[in-house]
There are 2 protein chains.
Amino acid sequence: MLDDILHSCYQELEKGHYRLTPQREAVLLTLYRERDGHLTSYELFNKAKKIYPELGLATVYRTLDLFLEMGLLREVQFDKGLTQYELRDHQDGHHHHLVCKGCGHPQEIDGIFPKKLLDLITEETGFLITDYCCQFYGYCEKCRTNIAQDGKKTKVKELMRGEVFNDARS
Amino acid sequence: MLDDILHSCYQELEKGHYRLTPQREAVLLTLYRERDGHLTSYELFNKAKKIYPELGLATVYRTLDLFLEMGLLREVQFDKGLTQYELRDHQDGHHHHLVCKGCGHPQEIDGIFPKKLLDLITEETGFLITDYCCQFYGYCEKCRTNIAQDGKKTKVKELMRGEVFNDARS
DNA sequence: TTCCTTGCAAATCCTTTGCAAGGGT
DNA sequence: ACCCTTGCAAAGGATTTGCAAGGAA
């Protein structure tokens with residue numbers, strides 16, 4: 001699986017006469033290792049740095065832009081000003097997100113719209129769909145329990161910011 | 001309709017011993033007037049300023065936070081670093097977005113998941129859904145034509161940034 | 001008096017950019 | 001030699017925060 005991704009990445013890069021540098025490899029490998037989570041650029045930077053310590057943050061951003069353009073990645077935005085990245089999984093199709101307004105932790109659920117539906121939309125609107133993503137907002141089981149217990153939504157919300165920024169999920 | 005919104009807003013505010021100040025009213029009215037578009041905080045600020053010229057940008061942000069917490073609004077993020085706001089429409093149900101990767105212009109399409117589906121998700125995951133939003137990415141009719149004609153995706157992409165930031169849609 | 005609310009300016013956070021240097025081809 | 005790529009530091013843009021002042025309850 002990783003080999004597949006690396007290989008297709010290498011091919012894509014070659015098309016544009018780009019190189020597979022150690023920096024880019026470190027970013028890709030990190031994205032692969034953490035493919036079940038949703039990494040912010042900063043989380044990604046820190047983790048990839050462990051593979052290639054000279055890595056600079058700007059390079060991470062540039063690499064992400066490149067990978068995005070190559071269609072290797074997907075950007076997801078759950079929270080204001082926080083962009084998270086995930087490897088696009090060409091095998092298993094799309095998944096959607098359950099974003100908890102309590103703890104901010106995004107769960108994933110599998111699901112795919114029938115191709116018929118997408119075609120129908122294109123037919124009706126002229127809009128050609130290349131990708132899609134659905135977010136469900138609400139409260140996860142854990143937070144529902146917490147809120148039921150002490151009703152302290154606000155505290156949970158503050159926690160969430162902390163969790164996301166301080167990389168507590170790693 | 002506007003009266004309904006204002007009234008429910010006033011009630012919500014009262015609950016928390018908050019006030020319906022002219023600033024908040026100006027923001028709300030602007031959101032209502034532009035309910036078919038998707039306003040960035042800055043667009044909102046400029047338009048609301050016409051109603052209440054002393055309005056400050058920080059107040060707009062604070063008001064948006066408040067309204068968000070009250071569930072009056074929805075945040076949508078189509079593009080990195082650009083948060084857009086729209087009044088939540090409790091009458092007509094949900095709508096989804098067709099986000100064009102060419103011109104960046106978001107179209108809306110109506111659509112609603114059957115409540116059965118939402119319940120099923122909650123049942124399976126324990127996640128209680130309070131809101132949801134689906135984005136379809138691709139190319140709108142106009143951009144598809146442009147790309148077919150001269151293949152200049154990049155130029156279109158640059159245009160898009162300009163359009164969004166320079167408030168050309170107003 | 002109390003405390004919600006505000007405008008302004010400063011601070012902060014995330015992301016992009018300019019530039020000179022490094023390194024394949 | 002050419003040009004892709006990089007790290008660093010500076011710039012940029014959006015959002016938040018500190019603070020003193022205004023104003024309703």
Side-chain angles (χ1 to χ4, degrees), chain A residues 9-10 12-28 38-46 48-49 51-70 73 75-85 157-158 161-162 164-167, chain B residues 9-10 12-28 38-46 48-49 51-70 73 75-85 157-158 161-162 164-167:
Chain A
C9 178
Y10 188 73
E12 275 295 321
L13 287 170
E14 214 168 33
K15 260 196 235 165
H17 304 282
Y18 299 128
R19 297 174 209 144
L20 185 51
T21 62
Q23 287 92 337
R24 285 171 183 170
E25 239 176 329
V27 169
L28 193 56
H38 305 83
L39 294 172
T40 62
S41 45
Y42 199 70
E43 286 166 342
L44 183 56
F45 169 61
N46 277 322
K49 233 173 142 68
I51 301 173
Y52 189 85
E54 300 88 336
L55 185 64
L57 183 54
T59 301
V60 172
Y61 279 107
R62 284 186 282 231
T63 303
L64 286 171
D65 281 347
L66 186 66
F67 286 175
L68 275 170
E69 212 151 305
M70 286 166 46
L73 294 183
E75 286 180 309
V76 205
Q77 268 143 335
F78 300 130
D79 194 22
K80 208 182 301 185
L82 254 193
T83 308
Q84 291 171 276
Y85 300 86
K157 220 170 184 180
E158 280 157 16
R161 286 234 137 220
V164 176
F165 278 115
N166 301 331
D167 201 8
Chain B
C9 177
Y10 187 73
E12 275 295 321
L13 288 170
E14 213 167 35
K15 261 196 235 164
H17 303 283
Y18 298 128
R19 296 174 211 145
L20 185 50
T21 62
Q23 287 93 336
R24 285 171 183 171
E25 238 176 330
V27 169
L28 194 55
H38 305 83
L39 295 171
T40 62
S41 45
Y42 198 70
E43 287 167 342
L44 184 56
F45 169 59
N46 277 322
K49 233 173 141 68
I51 301 173
Y52 189 83
E54 300 89 335
L55 185 64
L57 183 54
T59 301
V60 171
Y61 280 107
R62 283 185 283 232
T63 304
L64 286 172
D65 281 348
L66 186 66
F67 287 175
L68 276 170
E69 212 150 306
M70 286 166 47
L73 294 183
E75 284 181 310
V76 205
Q77 267 143 333
F78 300 130
D79 194 22
K80 208 181 301 186
L82 253 192
T83 309
Q84 291 171 276
Y85 300 87
K157 221 170 184 179
E158 279 158 17
R161 287 233 138 220
V164 176
F165 278 116
N166 301 331
D167 199 10

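All chains are named by letter (A, B, ...) in the order of the sequence lines, taking the proteins before the strands, and each is independently numbered beginning at 1.
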Pair B:Q84, B:T40: side-chain N/O donor-acceptor within cut-off below 3.5 Å: no
B:E25 CD - C:dT5 C1' separation (whole Å): 15 Å
Under-4.0 Å side-chain N/O to phosphate OP1/OP2 contact, A:S41 with C:dC14: no
Interatomic distance, B:Y61 OH vs D:dT17 P [rounded to whole Å]: 13 Å
Distance in angstrom units between A:L57 CG and D:dT6 P, rounded: 13 Å
Separation of C:dT16 C1' from A:L66 CG (nearest whole Å): 16 Å
Heavy-atom closest pair, residues B:R24 and B:F67: O-CZ, 3.8 Å
Partner residues of A:E75 under the side chain to side chain donor-acceptor pair (under 3.5 Å) criterion, sequence neighbours left out: B:K80
Atom-pair distance (OH on B:Y18; C1' on C:dT6), nearest Å: 15 Å
For B:Q23, side chain to side chain contact (heavy atoms under 4.5 Å, CB included) partners two or more places apart: B:T21, B:Y52, B:L55, B:T59
A:Y61: side chain to side chain donor-acceptor pair (under 3.5 Å) partners, not counting sequence neighbours: A:S41
Partners passing salt bridge (Lys or Arg N to Asp or Glu O under 4.0 Å) against B:E25 (at least two apart in sequence or in another chain): none
Between C:dT6 (C1') and B:K49 (NZ): distance, integer Å: 13 Å
Side-chain N or O of B:T83 closer than 4.0 Å to phosphate OP1/OP2 of D:dA14: no
Letter per nucleotide, 5' to 3', of nucleotides 18-25 of chain D [B base touched, S only sugar-phosphate touched, - untouched; heavy atoms, 4.0 Å]: B----BB-
d(CD, B:Q23; P, C:dT6) in whole Å: 5 Å
Out of D:dT5, C:dT5, C:dT16, whichever nucleotide has its closest atom nearest the side chain of A:T21: D:dT5
Sub-4.5 Å side-chain heavy-atom contact between A:I51 and A:V27: no
Spacing of B:F45 atom CZ relative to D:dT15 atom P, expressed in whole Å: 13 Å
